[in-house]
Structure formats: structure tokens, C-alpha cells
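Down below is the structure, laid out as C-alpha cells.
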Amino acid sequence: MSDLWKTTPHRRWNPLEREWILVSPHRTDRPWQGQVETIQRPPDVPYDPHCYLCPGNTRAQGQVNPRYQHTFVFDNDYAALKPDVPKLHENQQDLLIAETERGLCRVVCFSPEHHLTVARMDELSLRRVVDTWAGQYEDIESRAWIRYVQVFENRGEMMGASNPHPHCQIWSSESLPNKVARELDSQVEYRQAKHSCLLCDYLKIELDSKERLVCDNAHFAAVVPFWAIWPFEIMVLAKDHIGRMQQFSDAGRDALADILKQVTTRFDNLFEVSFPYSMGFHTPPANDGSAHDEWHFHAHFLPPLLRSATVRKFMVGYELIASPQRDITAEAAAERLRGVSPIHYLIRS
């Protein structure tokens with residue numbers, strides 16, 4: 001891209017969610033007098049007797065965790081969705097519309113060791129996590145009424161994580177979430193118009209230019225999306241046109257574990273802190289009679305940190321009322337992430 005984009009206010013189109021993002025690169029040097037966060041430090045003990053996710057401990061409702069050795073999956077004790085709810089519907093003049101929603105919610109503990117994060121886990125352990133995710137997709141999607149399965153991880157207190165033990169959540173529902181529905185429509189319409197895959201074509205541009213490429217391996221690439229909203233947002237894209245995690249080969253699953261470790265390691269090393277983020281995989285809908293050949297497997301990492309370990313971006317004002325906006329360009333963010341070490345080291349105390 002021309003150097004003029006580095007200093008000129010402009011907007012960028014997000015073809016997946018069909019919205020514009022305002023970019024204001026000239027604002028990166030503005031002084032900061034806002035809220036300063038406390039540096040988040042990872043726990044330093046492999047076992048916490050007070051942690052409700054550690055092996056052998058009792059959870060809030062009295063269930064006792066097994067003394068698991070690797071991953072551990074259980075139904076969420078405080079599930080946002082439930083499989084057995086009465087079927088209700090209300091519509092008042094097409095304005096006040098409500099209907100019941102069924103679903104399943106589960107928790108996946110990545111490791112019995114309380115002090116680990118994805119960045120600090122070894123690749124064999126992460127591969128076990130990938131296999132667990134794939135197994136959960138297969139199991140949950142086997143229920144004919146499930147339409148979508150969302151695997152996501154909130155990392156760090158700044159992102160609302162209630163427990164530092166390495167874990168994620170799985171929420172599945174009988175309808176499509178809003179963002180997934182928009183991505184589905186975009187990919188279907190692109191395929192119909194172009195006779196190709198939206199994200200395959202996009203990834204080719206990124207791999208050719210390397211302007212926003214952060215890291216990659218044989219099966220995956222991690223880029224700061226051209227249309228990124230969060231300062232150091234990353235999208236992980238499969239290099240092969242595959243839709244579902246359970247369709248990846250053994251080599252592909254190894255590569256997924258590797259790219260997740262590469263991304264989270266670079267995050268931690270950027271500001272020498274246990275980097276907070278929300279991460280989620282986007283996969284095609286289930287049980288709707290379509291093969292969804294248009295869908296391309298990808299994951300979103302949405303971290304809030306802006307210019308240091310203690311200064312974060314807030315989605316307020318113009319972003320909430322009008323349109324998403326960012327200051328640091330996607331190209332500058334990718335350059336900074338490429339420049340940090342891909343080898344994890346101890347976070348400052």
C-alpha cells in the first residue's frame with residue numbers, strides 16, 4: 001500500500017461482516033491520560049486448592065473434578081443455554097419479537113496445571129486440546145437440533161475471565177449467532193458471484209504481499225486483517241479450503257496447535273505481559289442440509305491492549321454510536337508483531 005495510507009484518515013471495508021472501519025493513523029501520537037490498567041501476571045503455582053477447575057477440587061455446585069491428566073470437559077455449571085426449555089414465541093406487530101432458544105454449554109480445561117497459558121503449553125499438550133475441540137464438534141453436532149457450535153476462550157481478567165486456569169467455553173445453539181450469520185451470507189454471495197472462496201482469495205493477497213502477515217506454517221497463516229478493529233487483532237486462516245476442525249489431517253491438527261502457540265507467544269512478548277484476548281473459531285453451521293462448500297475455517301483473536309501492557313483500547317463514543325475506528329494501521333500492527341521473538345520467555349514480574 002502507498003505510504004500515504006500511513007498518515008491519511010480513511011476507511012476500510014470488511015467483506016466478512018459487511019461494515020466499514022474508520023482508520024485514523026495520524027492519531028497514534030496523541031497523549032494518553034486515560035485509565036491505566038494493572039499488569040496481569042499469570043499464576044505461578046501448578047495447583048491451586050481454591051481453583052474450581054483444578055483436578056480433584058470441588059466446583060460451586062458440589063461436583064468434584066476428576067484427577068485428570070490432560071484435558072477435561074464438563075457441562076457448564078452456570079450455562080447460558082439449556083437443552084430442555086419450553087417452546088415459546090411472541091410477536092407484537094413485528095416489533096416485540098421473542099422466542100426460546102435451546103443449547104448446550106460446556107467448559108474445556110486445557111491442562112491440569114493451573115499456571116499454564118496457551119503460550120506456555122508444549123505443542124503435544126496443545127495438540128491434545130485440538131483433538132478435544134474436534135471431538136466436541138463431532139459430539140455436539142451429532143444432535144440434529146444443534147445449528148451452531150462456538151468454541152471461544154477469554155484470556156485474562158481484562159477480558160472478563162473468571163478463572164486463570166487454562167480453559168475455554170463451548171456454547172452451542174439451535175440458531176445462528178449474528179456474526180456467523182453475516183459471515184455465512186458474505187461467503188455464500190461471494191462464491192455465487194466469483195465462483196471462488198472469499199477467504200481463499202483474501203489469504204492469497206496476504207501471502208503475496210506479506211504486509212499484514214504475522215507468522216505461518218504449512219497449513220495456517222496468522223494475519224492482522226486489513227479491516228481489523230482491535231489494535232493487534234489477528235485472524236488465523238487455514239491455507240487449504242477446509243470448513244470444519246474435525247476435517248483436518250493429523251498434520252493439520254499439529255499445525256493448528258503450532259500456529260496458536262506462535263500467535264499467543266508473540267502476543268506475550270510484545271509487551272512482556274500475559275496478553276489478554278478473546279479468541280474464537282468460526283466454522284460452518286450444522287444440520288441445515290447444506291455441505292457449506294463456501295465456508296473457510298478461521299479463528300479470530302481480539303486483544304484489547306493498545307500501546308502498552310497498561311493501556312487498552314475502549315470501544316466507546318464514536319465506536320459505539322457510529323462506526324468501528326482504530327488508530328494504528330493493520331500494517332503497523334503486523335510489523336510490530338513480526339518483530340517480537342517467537343520463543344516464549346518469562347514475563348516480567
Side-chain angles (χ1 to χ4, degrees), residues 14-19 73 75-76 79-91 94 97-108 130-153 168-203 219-220 225 235-249 252-253 256 278-300 302:
N14 180 341
L16 268 180
E17 295 198 29
R18 304 182 186 191
E19 65 177 9
V73 182
D75 288 339
N76 196 316
L81 293 161
K82 299 179 179 181
D84 300 311
V85 296
K87 191 171 183 62
L88 304 173
H89 180 84
E90 182 165 332
N91 186 332
D94 291 332
I97 304 172
E99 59 187 19
T100 49
E101 179 78 1
R102 291 187 295 167
L104 293 171
C105 295
R106 292 177 177 173
V107 176
V108 180
V130 172
D131 287 340
T132 299
W133 285 330
Q136 288 298 305
Y137 275 115
E138 289 182 351
D139 176 55
I140 297 173
E141 289 179 354
S142 69
R143 293 159 175 79
W145 56 274
I146 290 290
R147 184 80 187 280
Y148 194 73
V149 178
Q150 180 62 69
V151 175
F152 65 97
E153 180 195 7
C168 75
Q169 298 187 56
I170 304 175
W171 291 15
S172 55
S173 56
E174 61 179 336
S175 64
L176 288 186
N178 295 336
K179 288 183 178 293
V180 175
R182 286 198 294 271
E183 288 193 359
L184 176 63
D185 289 344
S186 298
Q187 291 177 88
V188 167
E189 290 185 17
Y190 188 93
R191 189 177 186 89
Q192 291 172 344
K194 305 279 190 177
H195 305 290
S196 60
C197 165
L198 188 158
L199 289 179
C200 283
D201 291 352
Y202 170 65
L203 181 58
H219 294 271
F220 292 92
M235 179 185 286
V236 172
L237 295 144
K239 289 187 173 180
D240 296 322
H241 183 69
I242 295 176
R244 302 184 188 277
M245 185 181 294
Q246 56 267 43
Q247 294 172 329
F248 286 112
S249 64
R253 294 188 184 192
L256 180 56
S278 283
M279 182 278 291
F281 300 108
H282 276 178
T283 59
N287 301 313
D288 64 355
S290 172
H292 287 294
D293 294 332
E294 77 288 331
W295 195 279
H296 192 107
F297 179 91
H298 60 284
H300 298 280
L302 308 175

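Applying the ring-ring contact (aromatic ring centres under 6.0 Å, His included) rule to Y190 yields no partners; only residues at least two apart in sequence or on another chain are considered. Residues passing the side chain to side chain donor-acceptor pair (under 3.5 Å) test with S173: none are found, sequence neighbours excluded. Considering only residues two or more places apart in sequence or on other chains, E101 meets the side chain to side chain donor-acceptor pair (under 3.5 Å) condition with S175. Residues forming a side chain to side chain donor-acceptor pair (under 3.5 Å) with S196 (at least two apart in sequence, or on another chain): D201. For F220, the ring-ring contact (aromatic ring centres under 6.0 Å, His included) criterion is met by F248, not counting sequence neighbours. Residues satisfying the salt bridge (charged side-chain N to carboxylate O under 4.0 Å, His left out) criterion with R18, sequence neighbours excluded, are E189. Scanning for ring-ring contact (aromatic ring centres under 6.0 Å, His included) contacts around H241 gives H296, with sequence neighbours left out. Applying the side-chain contact (heavy atoms from CB on, under 4.5 Å) test to N91 and every residue at least two apart in sequence or in another chain returns H89, D94, I97. Listed by chain and number, the residues in a salt bridge (charged side-chain N to carboxylate O under 4.0 Å, His left out) with K179 are E17 (sequence neighbours excluded). W171 meets the side chain to side chain donor-acceptor pair (under 3.5 Å) test with Q169; sequence neighbours excluded. Partners of E294 by salt bridge (charged side-chain N to carboxylate O under 4.0 Å, His left out), not counting sequence neighbours: none found.
For the residue pair R191 and D293, the shortest heavy atom distance occurs at NH1-O, 3.3 Å. Taking all atoms of both residues into account, the shortest heavy-atom contact from A80 to C105 is N-SG, 3.7 Å. Taking each heavy atom of L16 and S186 in turn, the nearest pair found is O-OG, 2.8 Å. When all heavy atoms of T283 and V149 are compared, the closest pair comes out as OG1-O, 4.0 Å. Between W133 and C168, the closest heavy-atom pair is NE1-SG, 3.3 Å.
Using cut-offs of 30° and 60° for the angle between ring planes, the H298 and W295 rings count as parallel.
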Evaluation steps, side chain to side chain contact (heavy atoms under 4.5 Å, CB included), between V151 and M279 | CA-CA 8 Å; V151 175; M279 182 278 291; 5.8 Å; no

Walk me through it: do L237 and Y202 pass the test side chain to side chain contact (heavy atoms under 4.5 Å, CB included)?
-> CA-CA 10 Å; L237 295 144; Y202 170 65; 4.1 Å; yes

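A donor-acceptor pair is defined here as one N or O able to donate and one able to accept, closer than 3.5 Å; no such pair exists between the side chain of N287 and the backbone of W145. Formation of a donor-acceptor pair under 3.5 Å by the S278 side chain with backbone atoms of L302 is not found in this model.
Side-chain atoms of I146 and R102, non-hydrogen and from C-beta on, never get closer than 4.5 Å to each other. Counting heavy atoms from C-beta outward, L184 and H292 have side chains that approach closer than 4.5 Å.
Taken from CZ in R253 to NE2 in H219, the straight-line distance is 12.5 Å, to the nearest 0.5 Å. From F152, atom CZ reaches atom NE2 of H300 across 14.5 Å, with rounding to the nearest 0.5 Å. Between atom CD of residue E174 and atom CD of residue E99 there is a gap of 8.0 Å, rounded to the nearest 0.5 Å. Going from atom CG of D131 over to atom CE of M245 covers 10.0 Å, rounded to the nearest 0.5 Å. Distance CG/L104 to CD1/I140: 6.0 Å, rounded to 0.5 Å. Rounding to the nearest 0.5 Å gives a distance of 14.5 Å between SG of C200 and NZ of K194.
Sorted by first and then second residue, the pairs that involve residues 135-148 and meet salt bridge (Lys or Arg N to Asp or Glu O under 4.0 Å), not counting sequence neighbours, are R106-D139, D139-R143, E141-R244, R147-D288.
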